[in-house]
Participant: 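Would you mind keeping the following structure in view while I ask a few things?
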Amino acid sequence: AVQRLAPDDIVSLIVFDTTVQTLVPAQPVGDGRGLERAIRGIEVAGNTNLYGGVARGAEEVRRHIEVRRFVNRVILLSDGLANVGPSSPEELGRFGASLVKEGISVTTIGLGLGFNEDLMTRLAQRSDGNTYFVEHSRDLPRIFAAELGDVLSVVARRVVIEIEFPAGVRPINFVGRDGVIRGQRAELTLNQLYGGQEKFALVEVEVAPSRAGAEIEI
């Protein structure tokens, strides 16, 4: 991952077990040697304060969030269940939804078979990030290459989609995404869009009663 970053990209390295520690505060990659040394020095310890790790990562992102040329991303790698701090899929999903409003997405990478798939998926989806599952650590280079390749192919940011419904069709809510309903209009904001990527949004609507067999425009 470090080798795919440009020298002037900004990166931070956070580790979390029972506690959370910033090994490398947000700074330019440079030649990457310091980052690689820090990564090689990571050891196993304690529990899994997953929420705290993501929160600290978001803090580091915010230090440079006003620089518009950057794509703001937290990449979460975990092989375990969140068991310190907020740990339910609902709590992490709400956290992801709050981050996307700031323009921060969280990509999650679950390693092995012992992590909470629902939690990791919910966090990534609600923050408009990607989610990956890998069985072996040897698959990680491929995953990091795919993720950073996506970041490099961002073609639009802060995409706002407005859907206007005809009379007799009332939008109720978005399913699986956070959006805004105003009368006959539904509005959805996407943090970013990649080249060649498809995005889907499902809207629940209420249709006025009509006679059997009638066709109406939705």
Participant: Does anything in residues 108-117 pair up under salt bridge (charged side-chain N to carboxylate O under 4.0 Å, His left out), and if so which pairs, sequence neighbours excluded?
Facilitator: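 Listed once each, the pairs would be none.
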Participant: Looking only at heavy atoms, which two atoms of Leu148 and Ala1 are closest? And how far apart?
Facilitator: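 What the structure gives for the nearest pair is CD1-O, 3.5 Å.
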Participant: Side chain of Ser127, backbone of Val106: donor and acceptor closer than 3.5 Å?
Facilitator: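 Yes.
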Participant: Who are the side-chain hydrogen bond (donor to acceptor under 3.5 Å, both in side chains) partners of Ser105, not counting sequence neighbours?
Facilitator: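 Partners of Ser105 by the side-chain hydrogen bond (donor to acceptor under 3.5 Å, both in side chains) criterion, ordered by chain and then number, come out as Asn191, Gln192.
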Participant: For a quick test of your reading: what N or O donor-acceptor pairs under 3.5 Å do the side chains of residues 163-170 make, sequence neighbours left out?
Facilitator:
| residue | atom | partner | partner atom | Å |
| --- | --- | --- | --- | --- |
| Glu164 | OE1 | Arg185 | NH1 | 2.9 |
| Arg170 | NE | Glu206 | OE1 | 3.2 |
| Arg170 | NH2 | Glu206 | OE1 | 3.2 |

Participant: Enumerate donor-acceptor pairs with a distance under 3.5 Å from any side-chain N or O in residues 16-38 to protein atoms, sequence neighbours excluded.
Facilitator:
| residue | atom | partner | partner atom | Å |
| --- | --- | --- | --- | --- |
| Asp17 | OD1 | Thr19 | N | 3.2 |
| Thr18 | OG1 | Asn47 | N | 3.1 |
| Thr22 | OG1 | Arg56 | NH1 | 2.9 |
| Gln27 | NE2 | Pro25 | O | 3.2 |
| Asp31 | OD1 | Arg33 | N | 3.0 |

Participant: Show the nearest heavy-atom pair for residues Ser12 and Glu60, with the distance to one decimal.
Facilitator: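 Distance-wise, the nearest heavy atoms are OG-CG, 3.3 Å.
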Participant: Using the ring pair (Phe, Tyr, Trp, His ring centres under 6.0 Å) criterion, which residues pair with Phe115? Sequence neighbours excluded.
Facilitator: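 Phe115 satisfies ring pair (Phe, Tyr, Trp, His ring centres under 6.0 Å) with Phe133 only.
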Participant: When rounded to the nearest 0.5 angstrom, what distance separates CD1 in Ile10 from CD1 in Ile65?
Facilitator: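 Result: 13.0 Å between the selected atoms.
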Participant: Should Val11 and Ile39 be counted in the same cluster of Ile, Leu, Val, Met, Phe, Trp and Tyr side chains packed under 4.5 Å apart?
Facilitator: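 Per the 4.5 Å side-chain linkage, Val11 and Ile39 are co-clustered.
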Participant: Using the test side chain to side chain contact (heavy atoms under 4.5 Å, CB included), find all partners of Ser87 that sit at least two apart in sequence or belong to another chain.
Facilitator: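 Applying side chain to side chain contact (heavy atoms under 4.5 Å, CB included) to Ser87 gives Ala82.
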Participant: How far apart are the closest heavy atoms of Ala124 and Thr131, and which atoms are they?
Facilitator: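 Shortest heavy-atom separation between Ala124 and Thr131 comes out as CB-CB, 3.9 Å.
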Participant: Out of curiosity, does Val134 fall in the hydrophobic cluster containing Leu76 (side-chain heavy atoms, cut-off under 4.5 Å, transitive links)?
Facilitator: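 No: no chain of side-chain contacts under 4.5 Å links Leu76 to Val134.
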Participant: I need the minimum non-hydrogen distance between Ile75 and Glu147, along with the two atoms involved.
Facilitator: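 Distance-wise, the nearest heavy atoms are CD1-CG, 3.8 Å.
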Participant: Identify the two heavy atoms, one from Val74 and one from Ala58, that lie closest to each other, and give their separation to 0.1 Å.
Facilitator: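 Where Val74 meets Ala58 most closely, the heavy atoms are CG2-N, 4.0 Å.
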Participant: Taking Val61's backbone N and O only, do any of them form a donor-acceptor pair with Asn72's side chain (distance below 3.5 Å, no angle check)?
Facilitator: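 Side chain of Asn72 to backbone of Val61: no pair is present.
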Participant: Restricting to side chain to side chain contact (heavy atoms under 4.5 Å, CB included), what partner residues turn up for Arg126, sequence neighbours left out?
Facilitator: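 For Arg126 the side chain to side chain contact (heavy atoms under 4.5 Å, CB included) partners, ignoring immediate neighbours, are Ala97, Arg122, Asp178.
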Participant: Working to the nearest 0.5 angstrom, can you tell me the gap between Asp79 CG and Leu113 CG?
Facilitator: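 These two atoms lie 10.5 Å from each other.
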Participant: Can you list the residues that meet the side chain to side chain contact (heavy atoms under 4.5 Å, CB included) rule with Asn173, with sequence neighbours excluded?
Facilitator: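 Asn173 satisfies side chain to side chain contact (heavy atoms under 4.5 Å, CB included) with Val175, Glu204 only.
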Participant: So, using side chain to side chain contact (heavy atoms under 4.5 Å, CB included) as the criterion, who are the partners of Arg211 when residues are at least two apart?
Facilitator: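 Here the qualifying residues are Ala214.
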Participant: Quick one: list whatever passes ring pair (Phe, Tyr, Trp, His ring centres under 6.0 Å) with Phe95, sequence neighbours left out.
Facilitator: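 For Phe95, the residues satisfying ring pair (Phe, Tyr, Trp, His ring centres under 6.0 Å) (neighbours in sequence not counted) are Tyr51.
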Participant: Would Val180 end up clustered with Val100 when hydrophobic side chains under 4.5 Å apart are linked, directly or stepwise?
Facilitator: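 The answer is no; the residues belong to distinct hydrophobic clusters.
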Participant: Nearest 0.5 Å please: distance from the OG atom of Ser88 over to the CG atom of Leu119.
Facilitator: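 Going from OG on Ser88 over to CG on Leu119, the span is 7.5 Å.
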Participant: Identify, with sequence neighbours excluded, every residue that meets salt bridge (Lys or Arg N to Asp or Glu O under 4.0 Å) alongside Lys199.
Facilitator: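 Result, salt bridge (Lys or Arg N to Asp or Glu O under 4.0 Å) vs Lys199: Asp128.
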Participant: For side-chain contact (heavy atoms from CB on, under 4.5 Å), just list the numbers for Thr108 and Tyr132, CA-CA rounded to whole Å, side-chain angles, deciding distance to a tenth of an Å, and then say yes or no.
Facilitator: CA-CA 6 Å; Thr108 61; Tyr132 304 94; over 6 Å; no
Participant: Given the rule that I, L, V, M, F, W and Y join up when any side-chain heavy atoms are under 4.5 Å apart, are Leu111 and Ile109 in one cluster?
Facilitator: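 Shared cluster, yes.
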Participant: Please name the pair of heavy atoms, one in Arg62 and one in Leu99, separated by the smallest distance, quoted to 0.1 Å.
Facilitator: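 Nearest pair, atom of Arg62 first, then Leu99: NH2-CD2, 3.7 Å.
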Participant: For the pair Met120 and Leu50, evaluate side-chain contact (heavy atoms from CB on, under 4.5 Å) and give the outcome as yes or no after the intermediate values.
Facilitator: CA-CA 10 Å; Met120 300 280 269; Leu50 191 147; 4.0 Å; yes
Participant: For the side chain of Thr121 and the backbone of Asp118, is there at least one donor-acceptor N/O pair under 3.5 Å apart?
Facilitator: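 It does not hold such a pair.
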Participant: Under the ring pair (Phe, Tyr, Trp, His ring centres under 6.0 Å) rule, collect the residues that match up with Phe70, sequence neighbours excluded.
Facilitator: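 For Phe70 there are no ring pair (Phe, Tyr, Trp, His ring centres under 6.0 Å) partners, ignoring immediate neighbours.
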Participant: CG/Leu188 to CD1/Ile161 distance, rounded to the nearest 0.5 angstrom?
Facilitator: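 The CD1 atom of Ile161 is 5.0 Å from CG of Leu188, to the nearest 0.5 Å.
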Participant: Hey, quick one: are Leu77 and Leu81 part of the same hydrophobic cluster, counting side-chain heavy atoms closer than 4.5 Å, chains of contacts allowed?
Facilitator: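 Result: no, two separate clusters.
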Participant: How long is the gap from CD1 on Ile181 to CZ on Phe174, to the nearest 0.5 Å?
Facilitator: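 These two atoms lie 5.0 Å from each other.
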Participant: Nearest 0.5 Å please: distance from the CD atom of Glu135 over to the CZ atom of Arg138.
Facilitator: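 Taking CD in Glu135 and CZ in Arg138, the distance rounds to 8.0 Å.
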